2 protein chains.
Amino acid sequence: MNQLKLENQLCFPFYAISRQITALYRPLLEPLDLTYPQYLVLLVLWESKSLSVKDLGKKLLLDSGTLTPLLKRMEQDGLVIRQRDKADERVVLVSLTEKGITLENEAKDIPFKLASCLALSMEEFINLKAQLDKLMETTSALK
Amino acid sequence: MNQLKLENQLCFPFYAISRQITALYRPLLEPLDLTYPQYLVLLVLWESKSLSVKDLGKKLLLDSGTLTPLLKRMEQDGLVIRQRDKADERVVLVSLTEKGITLENEAKDIPFKLASCLALSMEEFINLKAQLDKLMETTSALK
DNA sequence: TAAAATTAAATTGTAAACAATTTAATTGCA
DNA sequence: TGCAATTAAATTGTTTACAATTTAATTTTA
């Protein structure tokens with residue numbers, strides 16, 4: 001088997017599916033004026049009131065080079081507030097505005113709508129998720 | 001189960017793993033002066049001598065807005081040649097230079113090196129690939 | 001305690017991605 | 001034939017990613 005053939009690659013499907021999934025989110029997120037990475041930030045903030053850029057980056061596997069401009073745009077859109085931590089001025093804490101909090105309710109159908117696009121049975125979903133989580137653990141450890 | 005929790009998402013792992021894999025490729029591709037998307041273009045061109053931008057895009061699921069600047073950079077780096085199709089001047093045919101052809105030999109170990117990073121058994125690899133191919137078919141059809 | 005090391009964000013610069021539009025060539029059909 | 005529709009790339013503009021560096025604050029340690 002020729003390992004240099006595109007069709008024999010495992011990595012290409014990850015690259016392609018990731019972009020395809022983002023494309024599926026687009027029409028669902030567009031009414032909320034969100035991009036997929038912005039939506040991910042909100043997912044995290046809906047779980048925890050306030051988080052440092054650092055901790056946000058740990059959850060999303062993104063660095064400040066990506067997060068700083070992204071969060072600034074979200075701040076401009078009135079979704080989040082960025083403020084220096086009084087206890088440690090190096091840290092910037094990100095929290096939701098009222099508008100950001102409100103958006104959770106408008107977004108609550110999105111996971112179901114998206115899941116239905118993927119046409120997976122519950123069993124397939126769980127099975128695939130387990131494999132992805134395992135792989136993610138492997139790749140994260142190699143950082 | 002709260003579907004809006006990051007950890008319950010199927011899509012986030014795709015997004016994250018895709019970027020992690022690209023990060024694993026980086027040190028392998030850096031000696032060849034290639035980015036991951038550029039490497040994908042070469043994978044396709046190593047299989048077929050010459051291809052239109054359109055057909056390249058079909059294989060990689062990328063449009064001309066992404067491919068045109070990417071191919072121009074590869075042309076500048078002396079990896080490919082871009083020339084209008086004499087039979088249909090709308091079409092731009094992309095083919096490899098001598099340097100681009102030569103690179104195949106230098107890249108032949110990369111798939112194995114990368115596969116070893118992922119720490120999957122042959123069975124897991126095949127199983128996962130099948131699931132990804134199926135999912136890719138689903139998402140591609142929704143375009 | 002003062003300098004060195006570390007840490008957290010921000011900044012700079014480059015390369016993807018992609019929607020939307022534009023340009024130019026070809027096709028189809030009235 | 002000739003003009004409208006279609007097609008293929010290119011262009012424009014915005015947003016991600018990320019390496020590498022810089023800035024500023026905090027910790028460590030000599």
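Note that the coordinates shown come from a computational prediction; the quantities given were computed from them, not determined experimentally. Chain naming here is simple, since letters A, B, ... match the order of the sequence lines and numbering starts at 1 in each.
Nucleic acid contact class of A:Ser52 (heavy atoms, under 4.0 Å, all strands): sugar-phosphate only.
The distance from atom CD of B:Gln20 to atom P of D:dT16 is 19 Å, rounded to the nearest whole Å. Rounded to whole Å, atom P of C:dA8 lies 19 Å from atom NZ of A:Lys86. Per the geometry, CG belonging to A:Leu56 stands 14 Å off P belonging to C:dA8, to the nearest Å. Counting to the nearest Å, the P atom of D:dA8 and the CG atom of B:Asp85 are 12 Å from each other. Protein atom CG of B:Asp88 is 17 Å distant from nucleotide atom P of D:dT6, rounded to whole Å. Taking atom NZ of residue B:Lys58 and atom C1' of nucleotide D:dA9, one finds them 14 Å apart after rounding to whole Å. Remark: P of D:dC18 and OH of B:Tyr25 are 16 Å apart, rounded to the nearest angstrom. The CZ atom of A:Arg90 sits 6 Å away from the P atom of C:dA8 (whole-angstrom rounding).
Heavy-atom distances to DNA chain C give each of A:Arg82 and B:Asp63 a nearest nucleotide, and the one nearer the 5′ end belongs to A:Arg82.
Note: B:Ile21 CD1 to B:Leu118 CG = 5.5 Å, rounded to the nearest 0.5 Å. Taken from CE in A:Met74 to OG1 in A:Thr97, the straight-line distance is 9.0 Å, to the nearest 0.5 Å. Residue A:Glu137 holds its CD atom at 11.0 Å from CD1 of B:Ile17, rounded to the nearest 0.5 Å. Interatomic distance, B:Leu51 CG to B:Asp55 CG, rounded to the nearest 0.5 Å: 5.0 Å. The OG atom of B:Ser95 sits 5.0 Å away from the CD atom of B:Gln83 when rounded to the nearest 0.5 Å.
In this view, A:Tyr36 and A:Tyr25, B:Tyr15 satisfy the ring pair (Phe, Tyr, Trp, His ring centres under 6.0 Å) rule, not counting sequence neighbours.
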_Audit row: A:Glu75, A:Arg82, salt bridge (charged side-chain N to carboxylate O under 4.0 Å, His left out) steps and yes/no_ = CA-CA 7 Å; A:Glu75 189 173 44; A:Arg82 295 158 62 248; 3.0 Å; yes
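With C:dC18, C:dA9, D:dC18 as the choices, the nucleotide that has an atom nearest any side-chain atom of B:Arg19 turns out to be D:dC18.
Between the side chain of A:Ser64 and the base of C:dA10, a donor-acceptor pair under 3.5 Å is found.
Taking a 4.0 Å limit (strictly below) on heavy-atom distances, residues 66-76 of chain B reaches DNA chain C at B:Thr66, B:Leu70, B:Arg73. Within residues 35-47 of chain A, the residues that have a heavy atom under 4.0 Å from DNA chain D are, in order of number, A:Thr35, A:Pro37, A:Gln38.
When each of A:Thr102, A:Val41, A:Val80, A:Leu103 is paired with A:Leu96, the side chain to side chain contact (heavy atoms under 4.5 Å, CB included) condition holds for A:Val80 and for no other.
Using a 4.0 Å cut-off between a side-chain N of Lys or Arg and a carboxylate O of Asp or Glu, B:Lys129 and B:Asp133 qualify as a salt bridge.
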